[in-house]
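Quick notes on the structure that follows.
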Amino acid sequence: MKKIGLVDCNNFYASCERAFRPELRNRPVVVLSNNDGCVIARSAEAKTIGIPMGAPYFKWRTVIDKNRVAVFSSNYALYGDLSNRVMKVLFRFCPSVEIYSIDEAFVDLSGVPGGADAFARRLKATVESWTGIPVSIGIGSTKTLAKIANRFAKKHARSKGVFDLTSSPDPDLVLRWTPVCDVWGIGSRHAKKLRREGVENALDFRLLKRNWVKKKMTVTGLQTLLEVRGLPCYDFAAGPPPKKTIVSSRSFGHPVFKQSDLLEATAQYTTRAAEKLRKQGSVTSNILAFLQTNRFKLGEPQYSNSISIPLPVSTAHTPTLIKAAVSGMERIFRDGYGYKKCGVMLSSLEPANGRWLSLLDLPPDDHAQHTPLMNAVDACNNRWGRDTIKFAASGINGTWRMRREMCSPRYTTVWEELLEVK
DNA sequence: TCTGGGGTCCTAGGACCC
DNA sequence: TCTGGGGTCCTAGGACCC
């Protein structure tokens with residue numbers, strides 16, 4: 001039997017903030033989303049206080065202040081770097097690793113020396129001592145069961161952070177203890193539907209008929225059912241597959257009324273999206289620009305729109321993409337609205353080498369000139385930091401930029417912000 | 001004042017073609 | 001007036017994940 005381990009960092013963003021501030025140990029910590037909008041990570045103490053995931057900061061402000069909760073704006077440079085460090089430890093000790101998200105990875109623990117449970121405990125201790133990030137490890141015969149085991153490991157103090165469902169004396173007990181909404185692949189909508197049918201937990205779910213599940217939850221639901229029964233449907237993937245669409249968008253710190261500000265933001269987001277595009281070695285032949293007002297402000301006039309701009313030649317050339325996105329945005333912009341958000345989406349992605357050229361293409365000057373230029377820009381920005389070289393269309397100090405009033409230093413990625421030891 | 005951002009997959013339905 | 005049926009492609013919307 002295959003033994004799949006799921007290594008999951010505990011309260012990842014909150015743990016990252018704590019890694020460099022031992023004085024925060026045992027203190028409640030929360031991390032906020034962009035614009036300091038809502039809570040997206042909580043330490044164990046913050047969960048105990050009762051602050052829910054996604055809680056709007058302004059609504060919970062009194063509770064947070066009263067309990068002396070340490071509050072941080074999100075600092076993705078820091079989290080990304082600590083994530084890389086955790087993953088490096090996994091690659092060093094595990095024969096096969098699949099990075100699943102910034103704070104999770106699947107590892108193959110079949111036939112590891114000393115047995116899966118003991119191996120996982122050593123792995124956990126090593127990650128924690130080398131990176132300062134606490135992790136939990138769940139082991140199951142499928143990814144979905146590994147997820148269930150991981151949840152059990154986190155919530156049951158007696159498991160000490162590692163739980164092997166494949167060698168459990170009573171796996172059904174664990175399934176019965178897992179609410180159906182906590183099964184990987186079953187969200188709140190389907191959970192509600194299932195509970196109406198009397199399905200409360202993972203064990204009830206496992207006993208359902210295949211046809212019924214397929215009819216009510218489509219083939220994705222059926223895959224979840226089979227995985228819970230121990231039949232693997234999701235394989236290990238060596239690296240992350242290339243993205244099929246790339247989105248870059250952001251809410252503004254304040255409502256934006258001016259077209260020029262919106263166009264600057266559009267240029268900035270397009271720059272970000274194009275960077276991601278080149279990083280995965282792709283080119284795009286379609287860019288979509290969209291904007292919207294604040295849908296929570298019921299009394300105010302609402303407007304949202306999007307426009308898709310096909311490109312005659314697939315490209316990853318930032319100026320070409322900015323030109324297309326900005327001209328699209330000019331067309332859908334309407335005066336008189338306070339915009340809350342805008343963004344771009346790149347789709348119809350193809351690998352940069354071996355793309356189709358249209359019959360109308362001139363000799364691809366893209367390759368002759370654009371590619372070396374973009375390579376040089378990327379190299380500078382990787383070496384000296386994001387936006388060392390930027391495009392004039394993005395402006396300098398637009399009022400549309402995000403609020404991040406409580407950001408921790410970028411301890412690990414910027415020299416000036418290194419931790420000082422006195 | 002203040003309620004994230006970035007993805008994937010599936011299905012239904014319309015447009016269009018023969 | 002009558003006006004089938006099958007295929008493909010695209011899009012919007014729903015559901016899910018972290």
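So you know, we letter chains A, B, ... as the sequences are listed, proteins then strands, and number each from 1. Not measured: the values here are computed from a predicted model.
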Classify [X] by what it touches in the nucleic acid, base, sugar-phosphate, or nothing, heavy-atom distance under 4.0 Å.
{"X": "Ile186(A)", "value": "sugar-phosphate"}
{"X": "Phe296(A)", "value": "base"}
{"X": "Arg250(A)", "value": "sugar-phosphate"}
{"X": "Asp103(A)", "value": "sugar-phosphate"}
{"X": "Lys244(A)", "value": "sugar-phosphate"}
{"X": "Lys341(A)", "value": "sugar-phosphate"}
{"X": "Val183(A)", "value": "sugar-phosphate"}
{"X": "Ser248(A)", "value": "sugar-phosphate"}
{"X": "Lys276(A)", "value": "sugar-phosphate"}
{"X": "Leu32(A)", "value": "nothing"}
{"X": "Lys214(A)", "value": "nothing"}

Checklist line | Aromatic Trp184(A) / basic Arg151(A) pairing, under 6.0 angstrom, 45° off normal | finding: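 The answer is no, since Arg151(A) fails at least one limit relative to Trp184(A).
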Check: Taking for each residue the nucleotide of DNA chain B bearing the nearest heavy atom, is the 5' side occupied by Gln223(A) or by Ser251(A)?
Finding: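 Its nearest nucleotide lies further toward 5', so the answer is Ser251(A).
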Note to self: If you assign each of Ser249(A) and Lys340(A) to its closest nucleotide in DNA chain B, which residue comes earlier from the 5' end?
What the structure shows: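 Nearest nucleotide further toward 5': that of Lys340(A).
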Notebook entry, point to check: Above 12 or not: heavy atoms from other molecules or residues under 6.0 Å from CG of Asp65(A)?
Noted result: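 Counting other residues, nucleotides and ligands, CG of Asp65(A) exceeds 12 neighbours.
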Next item on the list: Using the test side-chain contact (heavy atoms from CB on, under 4.5 Å), find all partners of Arg331(A) that sit at least two apart in sequence or belong to another chain.
Entry: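 In terms of side-chain contact (heavy atoms from CB on, under 4.5 Å), with neighbours along the sequence ignored, Arg331(A) is linked to Ile307(A).
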Checklist line | Reported CG-to-NZ distance for the pair Asp378(A) and Lys279(A), which is rounded to 0.5 angstrom | finding: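 It comes to 10.0 Å.
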Margin query: To the closest 0.5 Å, what do you measure between CD (Glu98(A)) and CZ (Phe236(A))?
Written below: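 Those atoms lie 6.0 Å apart.
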Notebook entry, point to check: In terms of side-chain heavy atoms, does Tyr411(A) have a donor or acceptor partner in Arg21(A) at a distance below 3.5 Å?
Noted result: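 There is such a pair between these side chains.
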Next item on the list: Could you work out the separation of dC16(B) and dG4(C) based on their C1' atoms and round it to a whole Å?
Entry: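 To the nearest whole Å, 16 Å.
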Check: Checking Asp8(A) side chain against Glu104(A) main chain: does a donor-acceptor pair fall under 3.5 Å?
Finding: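 Checking the backbone N and O of Glu104(A) against the side chain of Asp8(A), no donor-acceptor pair under 3.5 Å is found.
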Margin query: Closer than 3.5 angstrom, by distance alone: can the side chain of Asn381(A) be matched with the main-chain N or O of Thr388(A) as a donor-acceptor pair?
Written below: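 It does hold such a pair.
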Check: Looking at side-chain heavy atoms only, is the closest gap between Arg278(A) and Thr318(A) below 4.5 Å?
Finding: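 In short, these two side chains touch, coming nearer than 4.5 Å.
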Check: Taking only Watson-Crick and G-U wobble pairs with both distances under 3.5 Å, what dot-bracket line describes DNA chain C, where [ ] shows pairs that cross earlier ones and | shows pairs with another strand?
Finding: ....||||||||||||||
Notebook entry, point to check: So where does chain A start and stop touching DNA chain B, 5' to 3', when the test is distance under 4.0 Å to a non-hydrogen atom?
Noted result: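 From 5' to 3', the first and last contacting nucleotides are dT1(B) to dT11(B).
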